[in-house]
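Throughout, residue positions are numbered sequentially from 1 according to the sequence presented.
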Amino acid sequence: MKKGKAAQGHPFSIVDVFAEAKYAGNQLAVVRPASALTDAEMQRIAFEFNFPETTFIDSLRPRRGGFDVRIFTPRQEVPFAGHPTLGTAHVIRSLLDAAGKEGKAGKASHTDTIVLNLKVGPVPVRFEAGDSGLRWMRPEPPKLGRVHEPKAAAKILGLSAKDIDPDFPVQEAAIGMAFLMIPLRNLDAVKRAATDLPAYRKYFAGRGEPALPLFLFSRETYSPESRINCRMFAELFGIPEDPATGSANACLAGYLVKHGYFGKGGIGGKGRVRIQVEQGYEMGRKSLLQLDAGMRNRKMEVAVGGRVIAIAQGMLI
């Protein structure tokens, strides 16, 4: 891919996030260093990579307690996204380990936590010890917003109102990015769902509001180890379907706790939710995400975990 003069000589890494094997999960390109790139150049590079997001590390010297990172979709910059957060932290730690000593990379390696300074604020990513290989991000808890009519949600997904789970609300939730959380009755409804674009556009235009990505989920799953199956559609953002969405799953974790989705005791006791979520199965990109959320001292805590697999390295020329 051809780049402008300022973009020449910038190394990049490609990783799969939330993947159980190579070329599953959600792919991410990580470019470094980005301090010499203009906003327009970063946007163009993200467009040419054409992954759901591309991240740009300002430098491998921490500032304000973390590493300055920016996240771009092919169309716009976003303040927060889940798989770019985990994938970028993984790349930073790998580079620090490869540097081998303090000074060259600006920070001692072998740390168990990397903090990313994102537009939404600092987000720590913890590296779990042992063989699990999990990386955990802990963003600010989601904000649950307006409730929408189930019939309207069903229509924009090409479903019947009977496919919507009547026990839980269709509700907006946001961490930096906002999503419309849509609970479905069963896996069959999840499989049949697809964005009805005319109805989707008409619905949000009629409300005079920006269209939201659609995050639908059910407690019926393909894998017995998973407790939720989900899909995410963002047609108007250039993403017909996303194989693994960390930010939306972080919103889901807060939603499940807030509404007692698994009962008063939750899963893990005291209303806490510790579960595995599957996504991307319907598109042949099987992804697994780990959620851990609950209340502590009257405050919601949310963590999203998953594996990261290195795929390739290259140089922008």
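With hydrogens and angles ignored, the 3.5 Å screen pairs no side-chain donor or acceptor of Arg307 with any backbone N or O of Phe18. In this structure a side-chain-to-backbone donor-acceptor pair under 3.5 Å is missing from Arg272 to Asp292. Between the side chain of Arg231 and the main chain of Glu241, no donor-acceptor pair closer than 3.5 Å is present. Formation of a donor-acceptor pair under 3.5 Å by the Thr221 side chain with backbone atoms of Pro224 is not found in this model. Judged by distance alone, with hydrogens and angles left aside, the side-chain atoms of Ser287 form a donor-acceptor pair with the main-chain N or O of Arg285 at under 3.5 Å. A donor-acceptor contact shorter than 3.5 Å is absent between the side chain of Tyr203 and the backbone of Ala153. Remark: the backbone N or O of Gly145 is not paired with any side-chain donor or acceptor of Glu172 at under 3.5 angstrom. Between the side chain of Asn186 and the backbone N or O of Ala189 there is at least one donor-acceptor pair closer than 3.5 Å. With hydrogens and angles disregarded, no donor-acceptor distance shorter than 3.5 Å links the side chain of Asp163 to the backbone of Ala154. Under the 3.5 Å distance criterion, the side-chain polar atoms of Asp16 are left unmatched by any main-chain donor or acceptor of Ile309.
Considering all non-hydrogen atoms of both residues, Phe72 and Ala46 come closest at CB-CB, 3.7 Å. Across every non-hydrogen atom of Ala250 and Val302, the tightest pair is O-CG1, 3.7 Å. Nearest approach of Val120 to Gly176, heavy atoms of both residues: CG2-CA, 4.1 Å. Heavy-atom minimum distance, Ala24 versus Lys286: CB-O, 3.5 Å. Listed here is the closest heavy atom pair of Asp196 and Lys155: CB-O, 3.8 Å. The two atoms that bring Pro52 and Asn26 nearest to each other are CG-OD1, 3.4 Å, heavy atoms only.
Legend: side chain to side chain donor-acceptor pair (under 3.5 Å) pairs involving residues 134-145, not counting sequence neighbours, sorted by first then second residue: His90-Arg135, Glu128-Trp136.
Checked against ring pair (Phe, Tyr, Trp, His ring centres under 6.0 Å), Tyr281 has the following partners two or more places apart in sequence or in another chain: Tyr222.
Checked against Asn249 for a side-chain hydrogen bond (donor to acceptor under 3.5 Å, both in side chains), the options Gln279, Gln290, His83 give a single hit: Gln279.
A donor and an acceptor atom, one from each side chain of Glu225 and Ser223, are located under 3.5 Å apart.
In the hydrophobic cluster analysis, where Ile, Leu, Val, Met, Phe, Trp and Tyr join through side-chain heavy atoms closer than 4.5 angstrom, Leu86 is grouped apart from Val115.
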Can you list, pair by pair, the side-chain donor-acceptor contacts under 3.5 Å of residues 310-317, counting residues two or more places apart and other chains?
none

